[in-house]
Amino acid sequence: MKVIITGASGVLGSAVREAFKSTPHQVLALSNTRTGDGLVPLDLTNTQEVEKVFAEYKPNWVIHCAAERRPDVAEKLNVNVSGHLASLAKSLKYTLVYISTDYVFDGNSPPYTPSAKTNPLQLYGRTKRDGEEAVLSVDGAKVIVLRVPVLYGPAPKNSDSAVNILLDVVQDQSGKQYKMDHYATRYPTNVVDIANFLVRLSVPPILHYSAAEPFTKYEMCLVFAKILNLPHGHIVPDSEAPKGDSATTRPKDCQLYTKETEDLGVEGGLGLSLFEEWWTEYLRK
């Protein structure tokens with residue numbers, strides 16, 4: 001099987017690429033911002049170049065990990081590019097796996113089933129929801145939407161992950177104080193687990209993949225402080241809901257219901273890591 005991975009230099013894309021290395025499948029790893037280590041540069045917004053590369057490679061699967069949060073380019077990459085890849089999935093007859101987010105939900109009535117009504121509260125969630133609609137609207141295209149929550153795992157820089165970067169906060173013993181979100185419940189999920197699951201996957205149009213352990217970012221910091229044996233008095237829990245026109249709207253709890261995914265009977269199941277256990281082992285390396 002021939003697989004194309006977009007966003008292959010990102011935290012999730014890197015893990016997916018690594019997972020497929022241990023299989024007999026051929027992989028084309030695409031990246032827009034980083035080069036080297038076998039990464040192939042490609043601007044996904046350049047439709048003609050994308051069509052040329054994809055037609056020449058003739059993929060069986062395309063795993064679309066590339067995504068954007070920046071307001072000026074989020075719609076272009078999350079919606080327009082995704083719709084184009086779905087159109088190519090139809091004409092080139094490959095399966096497109098579109099990676100989406102728990103932020104397509106408003107966080108008011110978890111857990112959310114794959115068929116639950118979406119209601120994103122902020123731009124990133126809206127563009128990813130619009131991306132879902134774009135890929136699923138292409139008649140005749142074989143598409144899988146895989147929604148995932150906040151991610152952690154091996155990364156070139158801690159700042160590449162909203163979870164990994166909390167390590168920097170805990171390790172900053174300079175006296176600086178941090179106000180840390182203790183309002184929104186997240187379900188930090190390991191990118192290596194998702195990658196290994198994708199290798200074993202074959203299936204329905206919308207799926208959820210998520211760890212089951214709930215944490216706020218403040219609680220994640222407490223776990224890191226425990227593992228690192230560091231004080232955490234400089235990190236102050238902020239349990240208030242976001243307020244004011246300038247506040248970034250955050251859903252309170254977007255837990256993804258994963259029973260349908262579990263019921264697929266994929267060999268090895270979801271294969272979920274335990275958050276504290278994984279970080280303890282990883283930080284000892």
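The hydrophobic cluster containing V97 also contains V11, counting ILVMFWY residues as joined when their side-chain heavy atoms lie under 4.5 angstrom apart, directly or transitively. Under the 4.5 Å side-chain heavy-atom criterion for ILVMFWY residues, a single connected hydrophobic cluster contains both W279 and V150. When hydrophobic clusters are built by joining Ile, Leu, Val, Met, Phe, Trp and Tyr residues whose side-chain heavy atoms come closer than 4.5 Å, directly or via intermediates, L198 is grouped together with V191. With hydrophobic clusters built from ILVMFWY side chains whose heavy atoms lie under 4.5 angstrom apart, Y94 shares a cluster with V40. By the criterion of side-chain heavy atoms lying less than 4.5 angstrom apart, applied directly or through intervening Ile, Leu, Val, Met, Phe, Trp or Tyr residues, V16 is grouped together with M1 in one hydrophobic cluster.
In this structure, CG on D102 lies 10.5 Å from CD on Q255, to the nearest 0.5 angstrom. Atom CG of L88 sits about 4.0 Å away from atom NE2 of H84, to the nearest 0.5 Å. Atom OG of S115 is separated from atom OH of Y257 by 10.0 Å, given to the nearest 0.5 angstrom. R186 CZ to M220 CE: the interatomic distance, rounded to the nearest 0.5 Å, is 6.5 Å. With rounding to the nearest 0.5 Å, the separation of CG in N60 from NE2 in H25 is 9.0 Å. The CD1 atom of I235 sits 12.5 Å away from atom NE2 of H182, with the distance rounded to the nearest 0.5 Å.
Put simply, the side chain of R17 reaches to within 4.5 Å of the side chain of D37, judged on heavy atoms. Taking the side chain as every heavy atom from C-beta outward, K52 and E56 approach each other to under 4.5 Å. Between I194 and L151 the shortest side-chain heavy-atom distance falls below 4.5 Å. Taking the side chain as every heavy atom from C-beta outward, L167 and L283 approach each other to under 4.5 Å. Residues L121 and Y103 form no side-chain contact, since every pair of their non-hydrogen atoms from C-beta on lies 4.5 Å or further apart. You'll find the side chain of L85 reaches within 4.5 Å of the side chain of V50, heavy atoms only. The closest side-chain heavy-atom distance from Y98 to V62 is not below 4.5 Å. Looking at T127 and E68, their side chains never come closer than 4.5 Å, going by heavy atoms from C-beta outward.
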request  = Please test T280 against E277 for side-chain contact (heavy atoms from CB on, under 4.5 Å), starting from the C-alpha separation and ending with a verdict.
outcome  = CA-CA 5 Å; T280 299; E277 182 180 275; 5.8 Å; no
Candidate pair T258 and Y187, rule side-chain contact (heavy atoms from CB on, under 4.5 Å), full reasoning: CA-CA 12 Å; T258 59; Y187 297 81; over 6 Å; no
### Task
Let me see the working for D106 and Y112 under side-chain hydrogen bond (donor to acceptor under 3.5 Å, both in side chains), right down to the final yes or no.
CA-CA 10 Å; D106 58 21; Y112 292 92; 2.9 Å; yes
Query raised in the report: Given F54 and L42, is the side-chain contact (heavy atoms from CB on, under 4.5 Å) satisfied, shown in steps?
Result: CA-CA 11 Å; F54 280 47; L42 181 65; 4.3 Å; yes
Can you check side-chain contact (heavy atoms from CB on, under 4.5 Å) on F20 and I63, steps first, answer last? CA-CA 11 Å; F20 273 95; I63 303 176; 3.5 Å; yes
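Closest heavy-atom contact between S82 and V135: O-CG1, 3.3 Å. For S210 against L256, the heavy-atom pair with the smallest separation is CB-CB, 4.1 Å. Residues T6 and A66 come closest through the heavy atom pair OG1-N, 3.2 Å. A pairwise comparison of heavy atoms in V81 and L44 identifies CG2-O, 3.5 Å as the closest pair. The shortest non-hydrogen separation linking E213 to P188 is O-CD, 3.8 Å. I206 and P114 get closest at one heavy-atom pair: O-CB, 3.7 Å.
Note on K21 versus E18: salt bridge recorded, some NZ/NE/NH1/NH2 to OD/OE distance being below 4.0 Å. Comment: E132 engages R147 in a salt bridge, judged by a side-chain N to carboxylate O separation of less than 4.0 angstrom.
The 12-atom threshold is exceeded at CD of Q173, counting heavy atoms of other residues, nucleotides or ligands nearer than 6.0 Å. Around NZ of K2, the count of heavy atoms belonging to other residues, nucleotides or ligands within 6.0 Å exceeds 12.
Using a distance-only test at 3.5 Å, with no hydrogens or angles considered, no donor-acceptor pair links the side chain of N164 to the main chain of P154. Judged by distance alone, the side chain of S239 and the main-chain N or O of P237 form no donor-acceptor pair under 3.5 Å. Side-chain N or O atoms of D193 include one that pairs as donor or acceptor with a backbone N or O of S273 at under 3.5 Å. Here the side chain of H232 pairs no donor or acceptor atom with the backbone of V223 at under 3.5 angstrom. S14 places a side-chain N or O within 3.5 Å of a backbone atom of A8 that can act as its donor or acceptor partner. In terms of modelled atom types and a separation under 3.5 Å, the side chain of R200 and the main chain of V266 share no donor-acceptor contact. At distances below 3.5 Å, not a single donor-acceptor pair connects side-chain atoms of K259 with backbone N or O atoms of T113. The backbone N or O of L270 lies less than 3.5 Å from a partner atom in the side chain of Y209, making a donor-acceptor pair. With hydrogens and angles disregarded, no donor-acceptor distance shorter than 3.5 Å links the side chain of K128 to the backbone of N78. E219 places a side-chain N or O within donor-acceptor distance of the main-chain N or O of T216, the cut-off being under 3.5 Å.
Ring-centre distance between F275 and F224: below the 6.0 Å cut-off.
Using modelled atom types, one finds a donor on one side chain and an acceptor on the other under 3.5 Å when comparing D172 with Y178. Side-chain contact check for T261 and H208: no donor-acceptor pair (N or O, by modelled atom type) lies under 3.5 Å. A donor and an acceptor atom, one from each side chain of E133 and S137, are nowhere located under 3.5 Å apart.
Figure legend: K252 and Y183 shown as a cation-pi pair, the cationic atom lying under 6.0 angstrom from the six-membered ring centre and within 45 degrees of its axis.
Ring-plane geometry between Y152 and W278 is classed as perpendicular, the angle between the planes exceeding 60 degrees on a 0 to 90 degree scale with a lower cut at 30.
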